[in-house]
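What follows is a set of notes on a single structure, which appears directly below.
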Amino acid sequence: MSHPFPRRASLEVLRAEAGDERSVLVHERLRGGEDPWDFMSELPSVDELVVLLLRADVVEDRGGNVRDAHWNDDVLRSIAHEYPELSPTVWRMLVA
């Protein structure tokens with residue numbers, strides 16, 4: 001099954017955007033008084049955020065319809081195929 005990904009930006013730009021998003025998450029939690037030692041390991045990595053954003057694009061293109069876990073896994077595999085540099089992250093997410 002093929003899932004086209006809109007090429008809105010290069011992987012480097014997607015990573016920069018995800019890094020900015022992660023920084024916002026950290027900042028919000030710090031402003032909320034949380035200790036970074038307690039939450040940093042819970043936050044997704046930059047590459048995990050990129051994968052999640054790409055997956056969200058596919059879900060949005062499908063009208064918000066996520067059929068089942070197999071469909072989700074197929075989308076993640078498509079991301080790994082389309083963005084080989086994200087493959088290690090995708091495979092970690094698939095087995096988690």
Side-chain angles (χ1 to χ4, degrees):
M1 175 188 294
S2 177
H3 298 282
F5 296 97
R7 289 276 186 172
R8 63 178 188 214
S10 68
L11 183 56
E12 291 75 24
V13 170
L14 292 171
R15 282 176 168 159
E17 290 173 0
D20 290 345
E21 183 65 30
R22 191 172 195 274
S23 294
V24 169
L25 293 172
V26 169
H27 182 73
E28 287 176 359
R29 293 185 76 166
L30 290 172
R31 289 192 62 187
E34 292 184 59
D35 185 340
W37 286 103
D38 294 336
F39 70 81
M40 287 301 289
S41 63
E42 298 171 3
L43 295 178
S45 70
V46 169
D47 278 357
E48 288 170 337
L49 282 173
V50 171
V51 171
L52 293 171
L53 292 169
L54 290 169
R55 180 193 172 277
D57 287 347
V58 173
V59 171
E60 184 179 327
D61 286 347
R62 302 272 186 230
N65 182 18
V66 177
R67 292 179 225 143
D68 56 32
H70 295 293
W71 181 86
N72 182 65
D73 291 352
D74 195 42
V75 171
L76 293 179
R77 285 185 192 96
S78 295
I79 291 169
H81 179 72
E82 185 74 21
Y83 298 90
E85 291 179 58
L86 295 175
S87 291
T89 301
V90 168
W91 298 126
R92 275 193 307 274
M93 293 172 80
L94 281 167
V95 298

Quick one: list whatever passes side-chain contact (heavy atoms from CB on, under 4.5 Å) with S87, sequence neighbours left out.
A80, W91
Rounded to the nearest 0.5 Å, what separation is found between the CG atom of L49 and the CG atom of D20?
11.0 Å
So, taking the atom named OG in S10 and the one named OH in Y83, what distance separates them when rounded to the nearest 0.5 Å?
9.0 Å
Within a strict 4.5 Å, meaning less than it, do heavy atoms of the [X] and [Y] side chains meet?
X   : Y   : result
N72 : R55 : yes
E34 : E28 : no
L86 : V50 : yes

From the list D74, V75, I79, side chain to side chain contact (heavy atoms under 4.5 Å, CB included) partner of V58 resolves to V75
R15/E85 ion pair, N-O < 4.0 Å
yes
Check ion pair R22-E17 (N to O, under 4.0 angstrom):
no
Linking directly or through intermediates, with side-chain heavy atoms under 4.5 Å: list the remaining ILVMFWY members grouped with F39, chain and number order.
L25, V26, L30, M40, L43
ILVMFWY network linking L76 to V46, side-chain heavy atoms under 4.5 angstrom
no
Taking all heavy atoms of L94 and all of R77, pick out the closest pair and write down the distance.
CD1-CG, 4.0 Å
Would you say E48's side chain and S45's backbone share a donor-acceptor pair under 3.5 angstrom?
yes
